[in-house]
Amino acid sequence: MRPHAAPAARRRGSLRLRLILAGAVSVLAALALAAAGLLVLFERHVERRIDQELSVHLDQLVAGLDRTPDGALVLVRPPGDPRFAVPLSGLYWQYEDHGAGSAQDAVEGAIQRSRSLWDFEMALPAEGEGDPLPHRHTIAGPGDTQLLLLERVVELRGAPVRVAVAIDRREIDAATRAFGLDLAPYLAVLALFLMAAAVAQVTVGLRPLAAVRDGLAAIRSGRRTRLGDDFPDEIRPLAGELDGLLAAREAQVESARARAGDLAHGLRTPLQVLAGDIERLQARGETEIAAEIETVALSMRRHVERELARARLASGRGTATAAPAAVARAVVAVVSRTPAGSRLDWQVEIAEDARLAIDPDDLAEALGNLAENAARHAVAKVRFTLDPVPDDEQTLRETPRLVRLAVRDDGPGIPDDMIGPLTARGGRLDLAGGSGSGAGLGLAIVSEIAEAWGGSLVIENRDPGLEAALCLRPAPSGE
């Protein structure tokens, strides 16, 4: 099932990329619509200007018409534009004398056209007789062209005359294409500007989500306990829900810790009773039974300690800091009073101002377990030191750099192939010495404590002795 997770994540993709792509598509679509609209508007504008030009030519054509004394229609003054005299120039005129005496006259003599039409005759659309207003049409022209036509009917000496001027629509299309080519670079620049604006808008709009992410990272690292409400109105409910979730989790953990504490107190009296029974059995010489009961009692005690440690770690008190020098001295004060620890020289070589990002109780629990193990196997001396983790042991994602809080004895050490299982459940240093008792949970607890605070437990043989080191984060400056 796992191989499908990565493709699903890729399908979900980046929200930032989605918004930018959506913005880019919207910008391009809007500019495409704007360009189409501008081209239509420009074409309409050119057509209106050409209508005005054709209206002038039409007025000139009407003004130049006259009738001879016998009623024949003649063009006394042709329109002045020279294109009317150039064949197929794209500008044409034509008139029809509707007052001709016969249909044959209308066909052969009453229709006159400009030289620019050459042998082509414009087929004027049917019009109502006597309508004096100009009418605009699009008709077929010479050479499979389309003409923009302006025509009207006028009364000349009591007889109607239909006059028309036309221009090739290719001039309008050419002007529109030229306008589009001139417009394209400006639209491209505008598109780039709008896309950059969209990227900036997405960046600014997603910044509160980045603030939520940073806030959660700060909570996880211990620099903060809540997100707060310093967010925009749309993000504030999300931050509030997350803070509520954190509060509910803390309440649940506190309840679990309380139950674990109650369990420990409830087991303390039975364990004390078992300890008394063990002493009485040993006094009567029943050492084998006493040893079995003592092993069971120790196992119960270590399990209780382990569950108490887990409950304490689950609280996630990320803002806690500890002074390792003070904690180490407190641990030494206790362990040095035990039979194994009283014979040893305990040295705490840790700077007083050092601070680690870990709860003091958790650090005391971890150092106490390491100190007890060191006391059982040391010959004469146990040292506590604090040094930076070497560069080759750092990882790229560890920020800030880890420090190494080590407990080192001068005992015989252990075989290298036994170091790995030591931090596993049931592993213990007693295996190296061949004696001792216990359920072997101490080092596993230490490893869990270190991992809960973003660190690790490292065990290495030294010359002489064994070194168990907690690799932990230093506390943020100012704490």
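Side chains are part of it too, since the values below use all heavy atoms of this structure and drop only hydrogens, waters and symmetry mates. For clarity, every value in this text was computed on a predicted model and none was experimentally measured. FYI, the numbering just counts along the sequence from 1.
Side chains of L405 and L367 form a contact here, defined as non-hydrogen atoms less than 4.5 Å apart. Side-chain contact check for P125 versus L149: some heavy-atom pair is nearer than 4.5 Å. A 4.5 Å side-chain heavy-atom check between V212 and L242 finds at least one atom pair inside the cut-off. L75 places a side-chain heavy atom less than 4.5 Å from the side chain of L61. Residues L245 and R249 have side chains not in contact (no heavy-atom distance under 4.5 Å, counting atoms from C-beta outward). Inter-residue side-chain proximity for L246 and D243 is flagged as met; some heavy-atom pair is nearer than 4.5 Å. Residues L402 and R473 form a side-chain contact, since some pair of their non-hydrogen atoms from C-beta on lies under 4.5 Å apart. Looking at E467 and V458, their side chains never come closer than 4.5 Å, going by heavy atoms from C-beta outward.
The ring pair (Phe, Tyr, Trp, His ring centres under 6.0 Å) search around Y95 returns W93, not counting sequence neighbours. For E53, the salt bridge (charged side-chain N to carboxylate O under 4.0 Å, His left out) partners at least two apart in sequence or on another chain are R83. Every residue was checked against the salt bridge (charged side-chain N to carboxylate O under 4.0 Å, His left out) condition with E451, not counting sequence neighbours, and none meets it. Scanning for side-chain contact (heavy atoms from CB on, under 4.5 Å) contacts around A198 gives an empty result, with sequence neighbours left out.
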Show which side-chain atoms of residues 202-209 pair as donor or acceptor with protein atoms under 3.5 Å away, not counting sequence neighbours.
{"unit_1": "T203", "atom_1": "OG1", "unit_2": "R16", "atom_2": "NH1", "d": "3.0"}
{"unit_1": "T203", "atom_1": "OG1", "unit_2": "R16", "atom_2": "NH2", "d": "3.2"}
{"unit_1": "T203", "atom_1": "OG1", "unit_2": "V199", "atom_2": "O", "d": "2.8"}

Please tabulate, for side-chain N and O atoms in residues 170-187, each donor-acceptor pair with protein atoms closer than 3.5 Å (sequence neighbours left out).
{"unit_1": "R170", "atom_1": "NE", "unit_2": "D168", "atom_2": "OD2", "d": "2.8"}
{"unit_1": "R170", "atom_1": "NH2", "unit_2": "D168", "atom_2": "OD2", "d": "2.8"}
{"unit_1": "T176", "atom_1": "OG1", "unit_2": "I172", "atom_2": "O", "d": "2.9"}

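Nearest heavy-atom pair across A354 and L386 is CB-CD2, 3.5 Å. Minimum interatomic distance between A325 and A351 (heavy atoms only, all atoms of both residues): CB-O, 3.8 Å. Nearest heavy-atom pair across A159 and R67 is CB-NH2, 3.1 Å. Residues A166 and L54 approach most closely at C-CD2, 4.1 Å, considering heavy atoms. Here the closest heavy-atom approach between residue A239 and residue G228 is recorded as CB-O, 3.7 Å. Counting all heavy atoms, side chain and backbone alike, Q94 lies closest to L124 at NE2-CG, 4.1 Å.
The backbone N or O of E151 lies less than 3.5 Å from no partner atom in the side chain of R162, so there is not a single donor-acceptor pair. Without hydrogens or angle criteria, D387 side chain to R404 main chain gives no donor-acceptor distance under 3.5 Å. A donor-acceptor pair under 3.5 Å links the side-chain atoms of N461 to the main chain of I414, judged by distance alone. Checking side-chain atoms of S116 against main-chain N and O of S89 turns up no donor-acceptor pair under 3.5 Å.
Note that CD1 of I449 is 8.5 Å distant from CG of L470, once rounded to the nearest 0.5 Å. Distance check: E121 CD to I111 CD1 gives 4.0 Å after rounding to the nearest 0.5 Å. How far CG of L356 is from CG of L472: 5.5 Å, rounded to the nearest 0.5 Å. Rounded to the nearest 0.5 angstrom, I350 CD1 and T385 OG1 are separated by 7.0 Å.
Applying the side chain to side chain donor-acceptor pair (under 3.5 Å) test to residues at least two apart or on different chains, the pairs with a partner in residues 19-44 are E43-R169. For residues 227-238, the side chain to side chain donor-acceptor pair (under 3.5 Å) pairs, not counting sequence neighbours, are D233-R236. Under the ring pair (Phe, Tyr, Trp, His ring centres under 6.0 Å) criterion, the residue pairs touching residues 46-78 are H57-F84, with sequence neighbours excluded. Within the structure, salt bridge (charged side-chain N to carboxylate O under 4.0 Å, His left out) pairs that include any residue of residues 133-146 comprise E47-R136, D51-R136 (at least two apart or interchain). Legend: side chain to side chain donor-acceptor pair (under 3.5 Å) pairs involving residues 69-78, not counting sequence neighbours, sorted by first then second residue: T68-D70. Residues in residues 194-213 take part in no ring pair (Phe, Tyr, Trp, His ring centres under 6.0 Å) pair, two or more places apart or across chains.
For CD of E349, the number of neighbouring non-hydrogen atoms (other residues, nucleotides, ligands) closer than 6.0 Å is greater than 12. Residue-environment remark: CZ (R49) stays at or below the threshold of 12 foreign heavy atoms within 6.0 Å.
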Next item on the list: Please report the C-alpha distance between L147 and T138 in whole Å, then the side-chain angles of each, then the deciding distance to 0.1 Å, and finally whether the side-chain contact (heavy atoms from CB on, under 4.5 Å) criterion is met.
Entry: CA-CA 6 Å; L147 302 180; T138 299; over 6 Å; no
Next item on the list: Could you walk me through whether L88 and T145 pass the side-chain contact (heavy atoms from CB on, under 4.5 Å) test, one step at a time?
Entry: CA-CA 10 Å; L88 304 179; T145 60; over 6 Å; no
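Each of N373, I459, L457 was compared with V446 under the side chain to side chain contact (heavy atoms under 4.5 Å, CB included) criterion, and only L457 meets it.
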